[in-house]
Structure formats: structure tokens, C-alpha cells
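First the proteins, then the strands, lettered A, B, ... as listed; each starts at 1.
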Amino acid sequence: DTEVTQTPKHLVMGMTNKKSLKCEQHMGHRAMYWYKQKAKKPPELMFVYSYEKLSINESVPSRFSPECPNSSLLNLHLHALQPEDSALYLCASSPDRASSYEQYFGPGTRLTVT
Amino acid sequence: AQSVTQLGSHVSVSEGALVLLRCNYSSSVPPYLFWYVQYPNQGLQLLLKYTSAATLVKGINGFEAEFKKSETSFHLTKPSAHMSDAAEYFCAVTRFGGGKLIFGQGTELSVKP
């Protein structure tokens, strides 16, 4: 199984809502990533988890809160978002953080903040 | 610091024609280089990667790329374009020390019938 799954596929939320994005992989990978992608732009790294510990936070606003409950799951908790946070949120995983490993991406969650 | 430049934000070819998507990198250490493809409303799929084992790398869907250290290039080619190749293509390099993919700005490939 070389698949990264993400739920939900689409999400519409108001600026006062709290919601969560979920990512799951069963490849035994120990590094997991969250990216944000705006239209016609490359993905921008948000967070990296390595062995279930947060290892990189790319100065992401605190209204985004990541969580890694176990080695297969990665969540992104959303609260008090702004319309400019509307984007495609991609999750990825790799065997570990070593540079030589490719990252496997999920299909993404299309988020719209109203 | 590593960086990637993709020349041409949009490339258009006819079906059956050669596909050439250009990528130049900057790295102070031997790089690990990747090409990803993204179809509309989907995630990224790995086409191929260079990790110093061979300079000519073959990937999926008939794509290949050649690592040229003297030109700091890693261009993606396919001998004959198919309509299904229409997508966004990203070249990427990993930052030494791991964990961060640095992407180029992407090249949108259109294939005309």
C-alpha cells in the first residue's frame, strides 16, 4: 500500500469555526508533512513531523495546530481562519527525513474559508 | 542554500511531439532532485528522482531526466506527448539535512491534438 489518504476532500468553514483535517498512511513511514498550496503555485511546507515529534514549523500562524497521535496519523486543527487561508492542503509522508527519500503525497483537502 | 528554477511557466506541445521541461538547480552539495506531476484537483505524484546512482533517470509514464552537473540542470523529457500528459510539473530539490522539499514554480504542460 503506497497511499496517503486525506479527509475530508472538501471543507467549507466560517472564520469562527473549528475544524480538523486528517491524514493517514500505512507505509510505515516515520516522517509526515503538511503543505499549503495556492492556485498555480508550488506547495509551501508548513510542518514536519519526524518519529511523531514536531521537527519543523515554518513560522505558521497559531490558528493552524498540527498533531501526530501515532505513526500513521497526522491531523491539522484549524481555528479562526482567514479567507486568505483558503487553499489546497496536502499531506505527505516519507520513510524518514533523509534528503534522499521521496515524499508521497495525498490527494489534498480543498479548504474554503468564508 | 538549495534552490530550483523552472524555465517557462507554460509549455505547449502537439500530441506526439517531444516534451522538454527545463529545471536548473543551485546547490552547494550534491543534490537530490525530483520531478513531480500534479493533475487538476489532485495531489502530487512522483515521476522520477535523482540520487546520484545514475545520471539518466527513467521514471513513470515514459518520462526521463538527465542530471548534468556541469550545467546544473535536470531537464525532464518524453519522446512523444500524450493528451493525458497535460498537467502541472514541479521540479524539486531536498535541502541537505532532510525534511524540506524546495520546489520550482512549476510548468504547466498543455498538449494539443
So that I can tick it off, tell me whether A/Lys40 and B/Glu88 are bridged by a salt bridge, with the cut-off set at under 4.0 angstrom between side-chain N and carboxylate O.
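Salt bridge: no.
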
To the nearest 0.5 Å, what is the distance between [atom1] ([X]) and [atom2] ([Y])?
| X | Y | atom1 | atom2 | result |
| --- | --- | --- | --- | --- |
| B/Thr51 | A/Glu102 | OG1 | CD | 8.5 Å |
| B/Asn41 | A/Leu88 | CG | CG | 8.0 Å |
| A/Lys41 | B/Phe90 | NZ | CZ | 10.0 Å |
| A/Tyr33 | B/Lys100 | OH | NZ | 12.5 Å |

How about A/Arg30: does its CZ atom have over 12 heavy atoms from other parts shown lying under 6.0 Å from it?
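Atom CZ in A/Arg30 is packed in, count exceeds 12.
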
Using a 6.0 Å cut-off, check whether atom NZ of A/Lys38 has over 12 heavy atoms from anything other than its own residue.
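For A/Lys38, atom NZ is crowded (more than 12 foreign heavy atoms under 6.0 Å).
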
Sort A/Gln37 into side chain, backbone, both or neither according to what part of it lies under 4.5 angstrom from a heavy atom of chain B.
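Side chain only.
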
Which of the residues B/Glu108, B/Gln38, B/Gln42, B/Gln45 is involved in the greatest number of heavy-atom pairs with chain A at under 4.5 angstrom?
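Going by pairs under 4.5 Å, I would pick B/Gln38.
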
For B/Gly104 versus A/Pro42, what's the shortest heavy-atom pair and its separation?
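Smallest heavy-atom distance, with atoms named: O-CB, 3.3 Å.
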
ILVMFWY network linking [X] to [Y], side-chain heavy atoms under 4.5 angstrom:
| X | Y | result |
| --- | --- | --- |
| A/Tyr89 | B/Phe103 | no |
| B/Phe74 | B/Ile60 | yes |
| A/Tyr49 | A/Leu45 | no |
| B/Tyr39 | B/Val19 | yes |
| A/Ile56 | A/Leu76 | no |

Is the distance between the ring centroids of A/Phe105 and B/Tyr36 less than 6.0 Å?
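Close enough - the centres of the two rings lie under 6.0 Å apart.
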
Let me know if B/Leu46 has heavy atoms under 4.5 Å from chain A in its side chain, its backbone, both or neither.
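Only the side chain of B/Leu46 comes within 4.5 Å of chain A.
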
Below 4.5 Å, heavy-atom pairs only: which of A/Gly108, A/Gly106, A/Pro43 has the largest tally toward chain B?
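Winner by heavy-atom pair count: A/Pro43.
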
Side-chain heavy atoms of A/Leu90 within contact of B/Leu44, under 4.5 Å
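A side-chain contact under 4.5 Å exists here.
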
